[in-house]
Amino acid sequence: MNEQPLFKAPSHYLAHRAPMLLIDEVLDVGHDFARCRVGISPDCLFADAQGVGSWVGIEFMAQTIAVYAGWLAEQASEPVKMGFLLGTRRFESDFPRFAFGEVLEVSVSKSFAQENGLSVFSCTLSGPRGEQRAQLTVYQPEDASHLLAGEQP
């Protein structure tokens, strides 16, 4: 029996495309959280000969938040909207780099949200050698086109 995956591919929920699409699998999404899986490979846009720098974990977290936002949009029958990473607080990492072959699980949970599109997420990235933790502040406007054009809202 061939079971269908519970969630669609990450590209369904994200505006990102290769090579910037870094999430491999959506594991779980709910009304205030998301969990995704990332495999570290030499094909990663940010890879060098030694692996991938731990700072890329912030992008893994941000893309998991974007999966959450895309899933919410789908639930509301709306298109996926662009969002922006505004800042990172309390970033802690147990290791300096990700090694090739490691499989990571990224978990994000919404801590705070305002009606203007500003939100804060608590994020954890777990791998075989430890964890990363951070709080990410993100902004998802109703329409990002004026921001991308350099116009004032």
Side-chain angles (χ1 to χ4, degrees), residues 1-113 117-141 144 148:
M1 183 157 111
N2 191 6
E3 289 186 33
Q4 292 287 79
L6 188 58
F7 297 100
K8 296 178 175 118
S11 60
H12 179 80
Y13 303 109
L14 291 167
H16 297 72
R17 295 295 176 257
M20 199 56 207
L21 178 62
L22 304 177
I23 300 294
D24 294 323
E25 183 181 2
V26 179
L27 300 174
D28 198 6
V29 186
H31 288 284
D32 61 355
F33 73 95
R35 286 187 316 113
C36 292
R37 183 173 291 140
V38 177
I40 303 300
S41 78
D43 296 336
C44 178
L45 176 64
F46 300 103
D48 60 25
Q50 290 78 41
V52 175
S54 64
W55 56 270
V56 179
I58 294 169
E59 181 61 23
F60 297 151
M61 294 171 185
Q63 288 194 19
T64 300
I65 293 169
V67 163
Y68 162 79
W71 179 84
L72 281 181
E74 179 182 60
Q75 302 309 299
S77 299
E78 296 176 355
V80 173
K81 292 184 255 177
M82 185 174 293
F84 300 92
L85 172 62
L86 297 183
T88 304
R89 294 187 61 188
R90 298 185 184 116
F91 177 72
E92 299 173 2
S93 183
D94 293 340
F95 42 85
R97 341 187 41 77
F98 301 110
F100 296 131
E102 286 185 326
V103 177
L104 313 170
E105 186 172 303
V106 186
S107 300
V108 301
S109 62
K110 184 169 55 174
S111 301
F112 174 79
L118 186 70
S119 299
V120 175
F121 286 79
S122 294
C123 307
T124 304
L125 184 150
S126 302
R129 295 180 296 126
E131 285 188 346
Q132 288 185 338
R133 293 153 300 283
Q135 282 190 333
L136 271 58
T137 303
V138 296
Y139 176 59
Q140 186 179 45
L148 295 174

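Index from 1, following the sequence.
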Measure across Gln140 and Lys81 and return the closest heavy-atom pair with its distance rounded to 0.1 Å. NE2-O, 3.2 Å

To the closest 0.5 Å, what do you measure between CG (Leu118) and OH (Tyr139)? 8.5 Å

Take a 6.0 Å sphere around CZ of Arg89 and say whether it holds more than 12 heavy atoms from other residues, nucleotides or ligands. no

Which residues pass the ring pair (Phe, Tyr, Trp, His ring centres under 6.0 Å) test with Phe112, sequence neighbours left out? none

Side chain to side chain contact (heavy atoms under 4.5 Å, CB included) with Phe46: which residues, sequence neighbours excluded? Met20, Leu22, Cys44, Val52, Trp55, Val56

Going by atom types alone, do His12 and Glu74 pair a side-chain donor with an acceptor below 3.5 Å? yes

Assess, by modelled atom type and distance only, whether the side chains of Glu105 and Ser126 contain a donor and an acceptor separated by less than 3.5 Å. no

Hey, does the side chain of Ser119 reach the backbone of Ala113 with a donor-acceptor pair shorter than 3.5 angstrom? no

Main chain of Leu21, side chain of Gln63: is a donor-acceptor contact present, judged purely on distance under 3.5 Å? no

Ser111 side chain to Ser122 side chain, donor-acceptor N/O pair below 3.5 angstrom: yes

Begin with the C-alpha distance, continue with both residues' side-chain angles, and end with the deciding distance and a verdict on side chain to side chain contact (heavy atoms under 4.5 Å, CB included) for Val120 and Lys110. CA-CA 6 Å; Val120 175; Lys110 184 169 55 174; over 6 Å; no

Would Thr64 and Ile23 satisfy side chain to side chain contact (heavy atoms under 4.5 Å, CB included), going step by step from the backbone distance to the final call? CA-CA 7 Å; Thr64 300; Ile23 300 294; 3.6 Å; yes

So do Val138 and Leu86 actually touch side chain to side chain, heavy atoms under 4.5 Å? no

Is the distance between the ring centroids of Tyr68 and Tyr13 under 6.0 Å? no

Just to verify, what does Ala73 make a side chain to side chain contact (heavy atoms under 4.5 Å, CB included) with, not counting sequence neighbours? Glu78

Mind telling me whether Phe60 and Phe98 have parallel, tilted or perpendicular rings, with 30° and 60° as the class edges? tilted

Under a 4.0 Å threshold between the charged nitrogen and the carboxylate oxygen, would Arg133 count as salt-bridged to Glu131? yes

Could you tell me whether Arg37 and Asp28 make a salt bridge, using a distance below 4.0 angstrom between a side-chain N and a carboxylate O? no

